[in-house]
**Student:** 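Quick one: structure below, then a few questions.
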Amino acid sequence: MASKKTLYYIYADYLVTHQAPLFEANFVAFDKGPVERAVYHLQKYHHNRLQQNSNLELKLMTGTLPSDTKELLLAGIEKYASRFDTAWEDEQNPTHRDQTPWTLARQRGGQNEPIRNQDILQHHQIELI
């Protein structure tokens, strides 16, 4: 879950700061928090393919991403990755606070409901760490 939450926070931070998404995403409200659906499926069902084809560390080291994107991702990984190494109880999980994009999605449609960019733009500050 740590990599999925880190990805969500990098995405949300960028969206709020730049008023545009960093990449195309479909975050949904899983039980433990926001998860990008395609990444989840790759990790669950095609773990080897994900490691072989989407090795982020390799892309960062070889410079196949634009430098500003690479710097942003590295900063996000440094900022968030260690914070999600351990599981949190619901009441400690910042994405589970009242009126966060995750809770709004769950209220709207339950588990696996898409998390809207407009909700991230308006409510991400509530889930900041």
**Student:** Okay, side chain of Arg37, backbone of Val28: is any donor-acceptor separation there less than 3.5 Å?
**Tutor:**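 Pair absent, no side-chain N/O of Arg37 close to backbone of Val28.
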**Student:** Taking Asp31's backbone N and O only, do any of them form a donor-acceptor pair with Trp102's side chain (distance below 3.5 Å, no angle check)?
**Tutor:**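 Side chain of Trp102 to backbone of Asp31: no pair is present.
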**Student:** So, Asn117 versus Tyr11: side-chain donor-acceptor pair below 3.5 Å or not?
**Tutor:** yes
**Student:** What heavy-atom pair brings Ala12 and Ile120 nearest, and what distance separates the two atoms?
**Tutor:**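 Answer, listing the atom of Ala12 first, then Ile120: CB-CG2, 3.6 Å.
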**Student:** With rounding to the nearest 0.5 Å, note down the distance linking NZ in Lys79 to OG1 in Thr6.
**Tutor:**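 Here the interatomic distance stands at 11.5 Å.
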**Student:** For Lys32, is there any backbone N or O sitting under 3.5 Å from a side-chain donor or acceptor partner on His96?
**Tutor:** yes
**Student:** Can you confirm whether Glu78 is buried at CD, in the sense that more than 12 heavy atoms of other residues, nucleotides or ligands lie under 6.0 Å from that atom?
**Tutor:** no
**Student:** Please check this pair: side chain of Lys4 against backbone of Gly33, looking for a donor-acceptor N/O pair closer than 3.5 Å.
**Tutor:**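 Answer holds: no.
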**Student:** Leu104 and Leu128: same hydrophobic cluster, using ILVMFWY side-chain contacts below 4.5 Å?
**Tutor:** no
**Student:** Could you tell me which non-hydrogen atom of Pro94 sits nearest to which non-hydrogen atom of Ile129, and how far apart they are?
**Tutor:** CG-CG1, 3.9 Å
**Student:** Please answer whether the main-chain N or O of Pro114 pairs with a side-chain N or O of Arg108 as donor and acceptor at a distance below 3.5 Å.
**Tutor:** yes
**Student:** Identify the residue among Thr103, Thr100, Asp98 that makes a side chain to side chain contact (heavy atoms under 4.5 Å, CB included) with Ile126.
**Tutor:**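 Result: among Thr103, Thr100, Asp98, Thr100 is the only option passing the side chain to side chain contact (heavy atoms under 4.5 Å, CB included) with Ile126.
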**Student:** Taking atom CZ of Arg116 and atom NE2 of His123, what is their separation to the nearest 0.5 Å?
**Tutor:** 10.0 Å
**Student:** Hey, what do you get for CZ (Arg106) to CZ (Phe30), rounding to the nearest 0.5 Å?
**Tutor:** 10.5 Å
**Student:** Under 3.5 Å, side-chain donor or acceptor atoms of residues 14-25 against the rest of the protein: list the pairs with distances, not counting sequence neighbours.
**Tutor:**
unit_1: Thr17; atom_1: OG1; unit_2: Asp13; atom_2: O; d: 2.9
unit_1: His18; atom_1: ND1; unit_2: Tyr14; atom_2: O; d: 3.3
unit_1: Gln19; atom_1: NE2; unit_2: Val16; atom_2: O; d: 2.9

**Student:** What I'd like to find out is whether the side chain of Val35 reaches to under 4.5 Å of the side chain of Phe27, using heavy atoms alone.
**Tutor:** no
**Student:** Taking all heavy atoms of Tyr8 and all of Glu127, pick out the closest pair and write down the distance.
**Tutor:**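 Reported closest heavy-atom pair: OH-OE2, 2.5 Å.
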**Student:** On a heavy-atom basis, which atom in Ile10 and which in Gly76 lie closest, and how many Å separate them?
**Tutor:**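 Reported closest heavy-atom pair: CG1-CA, 3.6 Å.
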**Student:** Do Leu74 and Glu71 have side-chain heavy atoms sitting under 4.5 Å apart?
**Tutor:** no
